[in-house]
Amino acid sequence: MADTKREIERKYEATDATRLPDLSRVAGVGRVEKRGVTELDAVYYDTADLRLASHSLTLRRRTGGADEGWHLKFPVATGIRDELHEPLADTLPPSFAALLRSRLRHTEPAPVVRLLSSRDVQHLNDPDGTLLAEVSVDTVLAERLAGEGTGTTATWTEIEVELADDGDPAFLDAVEKRLRKAGVRPSDSSSKLARALAETAPVRKEKKPKADDPRTTGDHVLTYVRKQIRTIVDLDPAVRRDLPDSVHKMRVATRRLRSAFKTYRRILDRETTDPIGAELKWLAGELGVDRDQEVLDERLTTRVDALPTTLALGPVGGRLTAWSAARRTGSRRRITDVLDGKRYLALLDTLDALAADPPLRPAASRAPGKELPRAVLKDYKKLARRMDHALEHPPGPERDAAMHEARKAAKRARYAGDAARPALGKPAKRFAKRVKAVQSVLGDHQDSVVARDALRTLAIEAHAAGETTFTWGLLYGHEEAAADARERELPEVWARASDPVLRADLKH
């Protein structure tokens with residue numbers, strides 16, 4: 001895996017006449033150390049349609065400086081990026097190719113911009129000599145290497161202030177205050193590449209911007225659908241990097257998208273969306289192999305950790321760890337294989353095609369005030385039927401199964417409310433919030449069902465190994481009590497979600 005660094009920096013405009021103020025007067029700085037001038041030669045890669053730049057991604061091969069090599073940067077927040085580094089090579093590192101696969105698909109990135117930078121660096125150190133930030137004045141020559149504007153050049157000077165590893169971001173505020181007092185202003189460009197692309201692009205006559213606000217039912221549904229598609233693509237590299245919660249978020253996006261196809265069948269032709277929905281179900285299932293075990297592990301570990309030591313009899317922690325490890329062996333490899341597979345890439349291509357040329361039905365052209373509530377309330381009615389079915393059963397396996405089915409219906413109704421929220425406003429927000437509460441109760445109940453099954457398996461394995469099963473039985477009882485509590489809580493939570501006023505508000 002490539003080396004990763006969290007880059008926190010700010011950029012400022014500079015001219016030939018710009019002079020850095022005395023930064024030793026910034027609070028916390030004990031010494032300013034001049035590091036000299038470094039010559040950097042960076043070639044930035046992208047597709048012909050600048051697909052990476054449109055996602056604020058940066059891919060470059062740079063020589064010169066202490067970190068020469070290949071760099072790939074992912075946006076985290078304004079002024080914050082994750083920078084991945086691989087050693088200098090003639091071709092794109094395989095690890096970077098994998099991280100960019102959801103964007104590049106079948107296209108090879110090619111050089112689009114070359115930047116020659118003369119970097120004058122100084123370090124801001126605290127009184128103990130610890131680096132606080134690196135300040136550089138960069139004199140840049142940019143040349144467009146491909147596409148419209150090929151051969152066009154641009155030059156500028158800018159100031160970069162990059163926070164040291166594990167530094168306090170508040171220090172950048174102190175530096176900026178000093179720079180502003182000297183007349184230095186923040187840059188309008190988020191990166192050198194963005195500025196180079198803008199300044200080497202052909203000059204075009206300004207066109208009147210098109211209205212982007214959704215107007216019809218189809219506009220609102222497509223806005224939601226396209227958002228989920230982009231989320232899947234954006235999360236692909238995060239899943240490959242095993243970032244926290246990335247698998248869960250990607251799985252949720254696939255479920256939201258599949259749910260939207262079902263909810264809005266009057267808007268999007270199901271002959272097109274049903275086969276895509278089947279592929280999304282497959283993808284969610286593959287992602288769920290790792291995610292479901294992760295949730296179960298966390299629940300059981302929390303239960304074990306909460307026990308008094310006098311009740312944790314036998315090698316409980318060790319057996320749980322070994323059992324979990326055995327079930328998760330190879331799951332990361334499996335997810336990567338799925339994301340590298342032809343089936344997944346074909347699904348991404350199909351989603352792109354749908355977003356570009358959606359299969360709209362006649363109802364898509366209608367105003368959202370009637371069509372969206374109609375779709376949401378249809379999902380609500382399905383939820384109500386399943387809730388009635390679940391609540392009429394006495395506690396036991398049949399009720400557990402019925403509550404699980406109701407949970408899936410609650411999730412779909414909630415997603416329907418979320419999708420309609422931009423058009424319907426607060427009524428949709430309140431509806432989604434109440435249904436989410438139902439989903440949460442049902443979800444915790446189902447987690448308890450799964451946990452009890454796992455605890456029974458662990459008890460059997462412990463007994464076979466000659467260990468006491470007391471603790472596993474105790475934990476099983478805790479889960480039974482948790483499930484009983486959720487079942488007692490459910491009628492009241494459902495009563496709030498099934499309030500007729502809540503549904504009536506959606507229609508107005």
Side-chain angles (χ1 to χ4, degrees), residues 1-2 4 7 42-62 69-77 80-86 89 91-113 144-148 190-194 196-198 201 222-223 225-243 245-247 249-254 256-257 276 279-280 283 286-287 335-357:
M1 180 60 71
T4 304
E7 178 186 78
V43 175
Y44 290 77
Y45 288 72
D46 207 332
T47 59
D49 58 357
L50 301 178
R51 206 171 302 159
L52 301 184
S54 70
H55 286 80
S56 300
L57 299 182
T58 300
L59 173 64
R60 74 183 178 204
R61 180 184 183 275
R62 190 171 75 182
W70 285 88
H71 301 93
L72 176 58
K73 299 185 181 185
F74 290 95
V76 176
I80 304 176
R81 294 185 291 183
D82 277 347
E83 179 179 338
L84 283 67
H85 176 262
E86 287 280 15
T91 57
L92 179 66
S95 64
F96 284 7
L99 291 172
L100 294 172
R101 190 158 289 132
S102 66
R103 271 90 171 192
L104 298 179
R105 312 285 169 77
H106 318 287
T107 305
E108 292 292 329
V112 292
V113 167
R144 189 70 165 256
L145 301 178
E148 291 185 285
S190 58
S191 67
K192 285 185 175 66
L193 175 61
L197 291 173
L222 287 176
T223 296
V225 164
R226 287 168 177 149
K227 179 181 179 181
Q228 306 315 316
I229 293 173
R230 175 147 185 168
T231 298
I232 293 171
V233 172
D234 287 350
L235 285 170
D236 177 293
V239 171
R240 294 175 187 271
R241 293 168 61 198
D242 200 17
L243 296 185
D245 214 29
S246 57
V247 172
K249 290 178 180 177
M250 189 174 186
R251 191 185 187 194
V252 168
T254 65
R256 283 182 175 273
L257 187 53
I276 301 175
E279 290 301 281
L280 289 168
L283 178 57
E286 294 291 344
L287 294 170
I335 289 179
T336 302
D337 288 344
V338 167
L339 299 184
D340 285 338
K342 292 181 179 179
R343 184 175 182 179
Y344 168 70
L345 295 178
L347 171 58
L348 295 185
D349 288 341
T350 302
L351 292 175
D352 279 352
L354 179 139
D357 186 19

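Residue numbers run from 1 in the order of the sequence given.
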Test item: [X] and [Y] side chains (from C-beta on) under 4.5 Å apart, heavy atoms:
{"X": "H55", "Y": "R230", "result": "yes"}
{"X": "E286", "Y": "I335", "result": "no"}
{"X": "R241", "Y": "T4", "result": "yes"}
{"X": "K73", "Y": "L84", "result": "no"}
{"X": "L92", "Y": "P109", "result": "yes"}
{"X": "S191", "Y": "R81", "result": "yes"}
{"X": "L197", "Y": "R144", "result": "yes"}
{"X": "L52", "Y": "T58", "result": "no"}

Interatomic distance, [X] atom [atom1] to [Y] atom [atom2] [nearest 0.5 angstrom]:
{"X": "L347", "Y": "L354", "atom1": "CG", "atom2": "CG", "value": "10.5 Å"}
{"X": "D236", "Y": "S246", "atom1": "CG", "atom2": "OG", "value": "10.0 Å"}
{"X": "E7", "Y": "F74", "atom1": "CD", "atom2": "CZ", "value": "13.5 Å"}
{"X": "L243", "Y": "M250", "atom1": "CG", "atom2": "CE", "value": "12.5 Å"}
{"X": "R105", "Y": "D349", "atom1": "CZ", "atom2": "CG", "value": "5.0 Å"}
{"X": "K227", "Y": "D234", "atom1": "NZ", "atom2": "CG", "value": "11.5 Å"}

Q: Show the numbers, then the answer: is there a side-chain contact (heavy atoms from CB on, under 4.5 Å) between R60 and V43?
A: CA-CA 5 Å; R60 74 183 178 204; V43 175; over 6 Å; no

Side-chain ([X]) to main-chain ([Y]) donor-acceptor, under 3.5 angstrom:
{"X": "R61", "Y": "A89", "answer": "yes"}
{"X": "R51", "Y": "D46", "answer": "no"}
{"X": "R256", "Y": "Q228", "answer": "no"}
{"X": "R103", "Y": "L57", "answer": "no"}

(Q) L257 vs L351, test: side-chain contact (heavy atoms from CB on, under 4.5 Å). Steps then yes/no. (A) CA-CA 10 Å; L257 187 53; L351 292 175; 3.7 Å; yes

So which atom in [X] and which in [Y] form the shortest heavy-atom distance, rounded to 0.1 Å?
{"X": "W70", "Y": "L59", "result": "CE3-CD1, 4.0 Å"}
{"X": "S102", "Y": "P237", "result": "OG-CD, 4.0 Å"}
{"X": "S56", "Y": "P75", "result": "O-CD, 3.3 Å"}
{"X": "R226", "Y": "A355", "result": "NH2-O, 2.6 Å"}
{"X": "A98", "Y": "R240", "result": "O-NE, 3.0 Å"}

Q) Just wondering, more than 12 heavy atoms not from D49 lying within 6.0 Å of its CG? A) yes

Q: Would you check if there is a donor-acceptor pair between the side chains of E279 and T350 at a distance under 3.5 Å?
A: no

Q.
For a salt bridge (Lys or Arg N to Asp or Glu O under 4.0 Å) check, start with the C-alpha distance between R101 and D340, then their side-chain angles and the critical distance, and finish with the verdict.
A. CA-CA 8 Å; R101 190 158 289 132; D340 285 338; 2.4 Å; yes

**Q.** Counterpart residues, ring pair (Phe, Tyr, Trp, His ring centres under 6.0 Å), relative to Y44 (two or more places apart)
**A.** none

Q: Check salt bridge (Lys or Arg N to Asp or Glu O under 4.0 Å) between K249 and all other residues, then give those that pass, not counting sequence neighbours.
A: none

